[in-house]
Amino acid sequence: MGKAKDKSGPLARRPDNSAFKQQRLPAWSPILTANTVLPFFYLLALICMLLGVWLLLTVQSTQEIKLDYTELGNCDQCFQLRKNVSYAAQTCSCKVEFSIDRAFKGDVFFYYGLKNFHQNLRRYMDSRDDEQTLGRKTKLKNPSSYCEPFAKDVEGVPIAPCGAVANSMFNDSFTLTYHPSRSRTIPVPLLRKGLTWYTDKNVKFRNPKTDNLTLAAAFEGTRQPLYWQKPVYDLDPHDPTNSGFINEDLIIWMREAAFPNFKKLYGILNRADASFTKGLPKGNYTIDISYNFPVQYFQGRKEVVLTTLTWFGGQNYFLPIAYLVTSSLILLMAVVLTLAWWKFGKDGKNMKE
Amino acid sequence: NARRKMCPEAAEKPTVIKARAGLLWLQKTQTVQDENVNGEYGLIINGHSLAYALQKDLKLELLRTACMCQTVICCRVTPLQKAQVVELVKKYKQTVTLAIGDGANDVSMIRAAHIGVGISGQEGMQAVLSSDFSFAQFRYLQRLLLVHGRWSYIRMCKFLRYFFYKNFTYTLIHFWYAFFSGFSAQSVYDDWFLTMYNMVYTAVPVLALGLFDQDVNDRWSLQYPQLYSPGQLNKFFSKKVFVRCVMRSCYTSLVLFFIPWAAMHDTVRDDGKDIANYQSFALLLQTSLMIVMSAQMFFLTYYWTAINQFFLWGSLAAYIAITFTFLSNGLFFMFPTSFFFIGTARNCLNQPNVWLTVFLTCLLCTLPVVAYRFLLIQLYPMITDKVRYKAQKEGLPTPSPYRPPPRRISTRRSSYAFSHSQGYGDLVTSRKFLRLKSRPSLFGQKDSPVVENQPQVYRTITEEVEDSQS
């Protein structure tokens, strides 16, 4: 019987004697042996511990102050006022005082925070029109149906920006003052620009093309959202690069938070000012709040956060502590495995047939 | 009678255990238990006697007696009786039956058994046409069972376990997110990831696993037939294994959701800008899920061919490429409402705290699996682990010792030799015409004598009822 491959004859349908078809492909067959697994575990335990310690030291160098001002001090009156919808147009302001024991060295970031506000609700997140905020003229006057019922007002005039996300924009404003002594007050300047992602400010959000018209004229034929006090082109009257859809507060609000308790950037300390080149000095501070955003409808809370940052981010102790805990767990596992191997498997004594 | 002699203590009436088995305990089964015998016996029964033995009142008796024997030979039986014997075993023993035959008279038996194997050649193609597997020589049955059948079982079980695991994890994460999103069915991933995950990112590595994986190579499989027993005992995939897989998915999904949640919900980027937003969180979860699943595949695969490597690393590379493409400016300008995750990859994945979170989740998901497997190998090694250990130490199996010149069992010995009158019986038993020159092996490989036609001296195999016909 010949072994030659021919197209006819008794061996015509024989499969190829190739490595692929005969399942003889060259391969790497690793197995879990003690001299790979055990050093690996010990090494990982060491790495995790070093990471945990390093991160802990990094996070400890940050400083943070959180103030829940929903009903704090004379903000309580504003809170009561905002319970009634008919007073929505009335302004209300209150003052909150706090003091810093240790100076905040370096850049200081000012956030406003909300609790129990679900920006991650599915219908809420769908209620926006990204084409409109991209500045497409076709969509400016014809917003997407996802924005319903916030797409057109009662007279049928289209709303810009449409949708529930833009409509519920946070509208409290804050002014920070420093009191170095009882009589003196120094206003703390906050940079209100440079707060957003580059791609958000320059790519995702664009104003409709003006073609030598004013911004207000570009938005001709649209109306502001129902809950707003000012139209979108007036959000920053002093700076046209911060008005319209590219207003930084609007962009920051439109980037929905993942969880019901979140904070969003409001301002960065302007260290060009002579008194604050090194950061925030210690002493007493007050925040004047223009209290507009009502939170009692969803049992929410409002807060203000002042923090310094590191390369690792804000003051969040979870990851360093998690790494330390993981490192001890891995070490424990490694010890257990070493004992098991020593007693049962050393030199392959458990591998007898 | 004979049964009483073989097993004196057994009860007179066979005990038939009625039970329920099957996926949801819907099937009703009746089982006759195996009994201990005091010695090794064989049973020879011919067609005429079998006609009486297969009657209603005697068939259980036949079954019990036959199962107490090492081998049963039924000679001069009709095709219908062959099928009836197979069906008797199928009904009263919860085992898998295999029938092998080469002639048209074996067709009913082949079809009655769970697995039918047809031999093509001497007697035509009828057996082949009605069988599940077919090959040319009876001796290939050894390779079919011990090599290909075993590999197929292992590959199928691994494939299923991994498939359920990756999908349960992927879905359970949404369950945990529901508690934070007001139960509004908000998906926690990018829509494109939802589509691509099962179709592109995790489809091909698991396919490669199911096609190429081997725990030991074919020579070791033939050397150690005991490797076949985990398959018979349903060790690698059963209801218990499935529940364990679901539990593991639960744990993985908890780690994959809550570690990023705790690390991200109250922090920001290093320049103060937002990172706790929905899109960054989604991207973080997607990335850690992909990395954890790839790591699991890494530890699950025993046999890394170039194809497995390419598919696994290629899937990760495809994920990265597709993510950056779909989150780029160009696609956003073309379809703003579909690609609204624009900019997220560039702004989220350049933060060290994101990667530190990914690293931690990966450790917490994969290390327990590795530790558990290692511990099992040390404390309760299975036959698979022992053979793999030996294979790693020794390379290829040592050839078995030299045997005296082989007696070839000719394939020509098929049923017609016995179906004629008795005159041929003496001729056959004198073994005069069985001695033939050995043919060169088909593929020119010098296989160990184990693979060639040898009556193999087997080590203990768990009991398998197999009718050998002649």
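By convention in this document, chain letters (A, B, ...) are assigned in the order of the sequence lines, proteins followed by strands, and residues within each chain are numbered from 1. Scope of the values below: all heavy atoms of this structure, side chains included, with no hydrogens, waters or symmetry mates.
Contact of A:Pro30 with chain B is made through backbone and side chain together, with heavy-atom distances under 4.5 Å. Contacts between A:Thr326 and chain B at a heavy-atom distance below 4.5 Å involve the side chain alone, from C-beta outward. With a threshold of 4.5 angstrom between heavy atoms, A:Lys139 does not approach chain B through any atom at all. Neither the backbone nor the side chain of A:Tyr124 comes within less than 4.5 Å of any heavy atom of chain B. With a threshold of 4.5 angstrom between heavy atoms, A:Ala34 approaches chain B through its backbone and through its side chain. Looking at A:Lys204, both its backbone and its side chain come within 4.5 Å of chain B, counting heavy atoms on both sides. Heavy atoms closer than 4.5 Å to chain B are found nowhere in A:Tyr146, neither backbone nor side chain.
Geometric assessment of A:Lys264 against the ring of A:Trp253 yields a positive cation-pi assignment under the 6.0 Å and 45° thresholds.
Put simply, of B:Thr301, B:Val216, B:Asp271, B:Val387, the one with the most heavy-atom pairs under 4.5 Å next to chain A is B:Asp271. Here B:Leu367 is the residue among B:Leu363, B:Leu375, B:Leu367 with the most heavy-atom pairs under 4.5 Å with chain A. Options B:Phe212, B:Trp151, B:Trp261, B:Phe335 differ in how many heavy-atom pairs under 4.5 Å they form with chain A, and the most are formed by B:Trp261. Options B:Asn217, B:Ile342, B:Leu356, B:Asn308 differ in how many heavy-atom pairs under 4.5 Å they form with chain A, and the most are formed by B:Leu356. In terms of heavy-atom pairs under 4.5 Å with chain A, the best-connected choice from B:Phe340, B:Phe333, B:Tyr380 is B:Phe333. Counting heavy-atom pairs under 4.5 Å between each of B:Arg346, B:Met264, B:Arg269, B:Gln392 and chain A puts B:Gln392 at the top.
None of A:Phe318, A:Tyr323, A:Tyr317 except one satisfies the side-chain contact (heavy atoms from CB on, under 4.5 Å) rule with A:Ile321; the exception is A:Tyr317.
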Could you walk me through whether A:Phe245 and A:Arg206 pass the side chain to side chain contact (heavy atoms under 4.5 Å, CB included) check? CA-CA 6 Å; A:Phe245 290 142; A:Arg206 301 264 80 208; over 6 Å; no

